[in-house]
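No experiment lies behind these values; they were computed from the predicted model shown. Start at 1 with the first residue, then count along the sequence. Whatever order the structure lists ligands and atoms in, that order sets their numbers, starting from 1.
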Amino acid sequence: MEALKESVQYIKGIGPKRYALLNRLGIYTIEDAISYYPRDYEVWGAVEPIEALEKGKESSIVARFKGRAHGIRSGRLNILKWTAYDKTGEVQCIWYNQPYRMNQYKEGKEYFIRGKVEIRYGEIQIIMPEVEEYRPKKHDNPKILPIYPLTKGLTQKIMQQLIYKALKRIDTNLYDFLPSSIRRDYGLAEKNFALYNIHFPKNRHSFKEARRRLIFEELFFVNMGLRLIKKESQEQVEGIMFDWDQGIIESFIADLPFELTRAQARVVDEILLDIRSGKVANRLIQGDVGSGKTILAAIALYASVLSGYQGAFMVPTEILANQHFQSLTRLFSNTTLKIECITGGMGKRQKSSLRQSLKNGEIDIIIGTHSLLQDDITFDRLGIVVTDEQHRFGVRQRAVILSKGQNPHILVMSATPIPRTLSLILYGDLDISIIDELPPGRRPIETYHVPPALSERVYKFVKRQVLEGRQAYIVCPLIEESDIMDLTAATRLY
Ligand code: ADP
Ligand code: MG
């Protein structure tokens, strides 16, 4: 529908100044306006006779002003007091610092008056009331008014009027994207009804129906999006079909200084099956710290090299890059594999010679930090990308490294379990291998969550460990104290 894309600037009452304010709330078009849902509602009860008013309650009356308003000065306060009456009694309307009110209303005319009722000095008062010309159709019934998130310079009234007019512009002609069969099956309200009633509910029931419909719609489209992603990733492009001499891999594993745990052996099988299937492998290796993920990465990289491809091993820190470089160099010391490491702290000359041998294919396995992502890093034939501590990389960084090859296989390793839905969103679809076993003789790592109230006990425990000759480290969210975030800084804790 075309009206949806119209600018709200052309709605009566919205000049360039208000338009700019609305932009701050993300409202540019009619569509933005009608999709700007209230954060709460104000319920106006039915109009009451003055004799029935109760102290402390927001109330509505229909009454006329009597005689003239009285202005009273009290220090810097200008108090305006005007008596209003209906057939059953009188109230005093009180305004602070709004003397102009006295020129806005006429004696003897019927008004709808709404505000908080107080009883003071033996009088019934309505404090700072809103006053509108009384119109029976508008005011006689109880009303539910939307309350919107605002920005400075806008009022609820402006927003209410804008959105009301935007809805009028649409005039219930919106196309309903939810098929009527689904609406029928789930007993869902129609779109135009839902939109109108989420802003201006006719009554409590209409509000509930509107809300239910709109929530369903949001979840429905998120779910559809996820299914589309999954479908796309299943129709994925062909991957490189690795082909290697399995005998070499087997003797490599046999020559390791330790025997693979059963979990590691299972995951090795899963990985190797994946990378020779002809589809692009997209696999998360999830296992606790110390479960032995590095050796699995090494085996996968080895299979890649034996198949004639280069492998990249991406890690989040320089320390980790150097550690992996050392252990892989040791692991492959009996082979002719050329392994290199690239980090940010490296000299220019050294870097450029690395780049060269990576590009012409001399390097088989490159281990590196974010430096691997730089534009000038190119491969001869990148076949697999392994990322360690995957959760510390962003989706975009992953895309950059993948673009350096032609559909390379992907292995991501993490000690952090990733929920299924999230993995679907982040990776399209991800196969998951879990190492649920630690190498023998290893004491499992124990992890505790302790509330701040018990921090003394934690520090006592740390102290005892240290006195027994052990070490400890404490991780803080910040290095130095910040005005913006209330987090413990390392310098303060130190
Ligand atoms: P993480 O999963 O935390 O990355 P690592 O791969 O760094 O764990 O392995 C931790 C240590 O365990 C390393 O020193 C590694 O050599 C050793 N290790 C890995 N697998 C085994 C195993 N099957 N038996 C004994 N030690 C192993
Ligand atoms: Mg590790």
Side-chain angles (χ1 to χ4, degrees), residues 248-272 274-275 281 283-305 311-335 337 339-343 365-372 384-394 397-398 401 409-418 423 427 430-448 470-473 475:
I248 301 180
I249 293 284
E250 271 164 22
S251 59
F252 174 74
I253 293 175
D255 289 345
L256 288 175
F258 48 75
E259 204 171 318
L260 291 185
T261 63
R262 234 177 322 156
Q264 282 173 316
R266 173 170 44 79
V267 175
V268 166
D269 287 346
E270 287 169 358
I271 296 171
L272 296 185
D274 234 7
I275 58 183
R283 184 170 289 276
L284 165 72
I285 314 294
Q286 193 248 306
D288 263 352
V289 177
S291 61
K293 295 186 287 292
T294 317
I295 185 65
L296 306 183
I299 293 169
L301 290 162
Y302 197 17
S304 172
V305 177
F313 196 178
M314 191 161 73
V315 302
T317 66
E318 256 178 63
I319 294 178
L320 203 51
N322 286 316
Q323 278 177 2
H324 282 348
F325 176 58
Q326 280 169 22
S327 44
L328 260 61
T329 306
R330 215 177 313 122
L331 276 170
F332 291 113
S333 57
N334 293 329
T335 71
L337 253 60
I339 303 169
E340 287 293 351
C341 180
I342 184 165
T343 60
I365 296 175
I366 182 97
I367 298 156
T369 54
H370 292 75
S371 320
L372 275 175
I384 188 167
V385 174
V386 184
T387 48
D388 200 2
E389 312 281 349
Q390 168 61 29
H391 51 279
R392 299 193 39 187
F393 289 98
Q397 293 167 326
R398 208 176 74 98
I401 183 86
H409 295 298
I410 304 158
L411 280 189
V412 303
M413 308 199 302
S414 180
T416 315
I418 300 178
S423 94
Y427 305 97
L430 194 65
D431 297 305
I432 299 180
S433 290
I434 297 174
I435 319 177
D436 48 5
E437 183 184 356
L438 290 175
R442 202 70 61 75
R443 272 180 52 191
I445 288 162
E446 293 176 42
T447 308
Y448 295 93
R470 299 193 182 88
Q471 292 176 300
Y473 67 82
V475 180

Proximity to ligand 1 by part of Leu260, non-hydrogen separation under 4.0 Å: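 Backbone only; the side chain of Leu260 stays clear of ligand 1.
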
Asp388, portion touching ligand 1 at heavy-atom distance under 4.0 Å: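 Neither; nothing of Asp388 gets under 4.0 Å from ligand 1.
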
Exam field: side chain Arg266 to backbone Ile434, donor-acceptor pair closer than 3.5 Å: yes

CA sep, side-chain torsions, deciding dist, call: Ile435, Gln286, side chain to side chain contact (heavy atoms under 4.5 Å, CB included): CA-CA 6 Å; Ile435 319 177; Gln286 193 248 306; over 6 Å; no

Min heavy-atom dist Gly287 to ligand 1 below 4.0 Å: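 No.
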
Ligand 1 contacted by Leu296 (non-hydrogen, < 4.0 Å): no

Nearest protein heavy atom under 4.0 Å from atom 14 (O) of ligand 1, yes or no: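 No.
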
Heavy atom of protein inside 4.0 Å of atom 19 (C) of ligand 1, strictly below: yes

Contact (N/O only, under 3.5 Å) between Gly292 and ligand 1: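 Right, the criterion is met.
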
Name of the residue among Ile365, Ile275, Ile384, Val386 meeting side-chain contact (heavy atoms from CB on, under 4.5 Å) with Ser304: Ile384

Identity and distance of the protein heavy atom lying nearest [atom]:
atom                    : answer
atom 3 (O) of ligand 1  : Gly290 N, 2.6 Å
atom 16 (O) of ligand 1 : Phe258 CE2, 3.6 Å
atom 25 (C) of ligand 1 : Pro439 CB, 3.5 Å

Lys/Arg N to Asp/Glu carboxylate O, Asp288 vs Lys293, below 4.0 Å: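 Here Asp288 does not pair with Lys293 in a salt bridge, since their nearest N and O are not under 4.0 Å apart.
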
In terms of atom number and element, which parts of ligand 1 are under 4.0 angstrom from non-hydrogen atoms of [X]?
X      : result
Thr294 : 4 (O), 5 (P), 6 (O), 7 (O)
Lys293 : 1 (P), 2 (O), 3 (O), 4 (O), 6 (O), 8 (O)
Asp288 : 2 (O)
Glu259 : 22 (C), 23 (N), 24 (N)
Thr261 : 23 (N)

Are [X] and [Y] close enough that a side-chain donor and a side-chain acceptor fall under 3.5 Å?
X      : Y      : answer
Tyr448 : Glu446 : yes
Thr369 : Glu318 : no
His409 : Asp274 : no
Thr329 : Gln326 : no

Winner among Gln264, His324, Arg442 once heavy atoms are compared against atom 23 (N) of ligand 1: Gln264

Phe252 and Tyr302 aromatic ring geometry - parallel, tilted or perpendicular at 30°/60° bounds: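 Perpendicular, since the angle between the ring planes exceeds 60°.
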
Least distance between heavy atoms, Thr343 atom then Ala321 atom: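 Thr343 and Ala321 have their closest heavy atoms at CG2-CB, 4.0 Å.
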
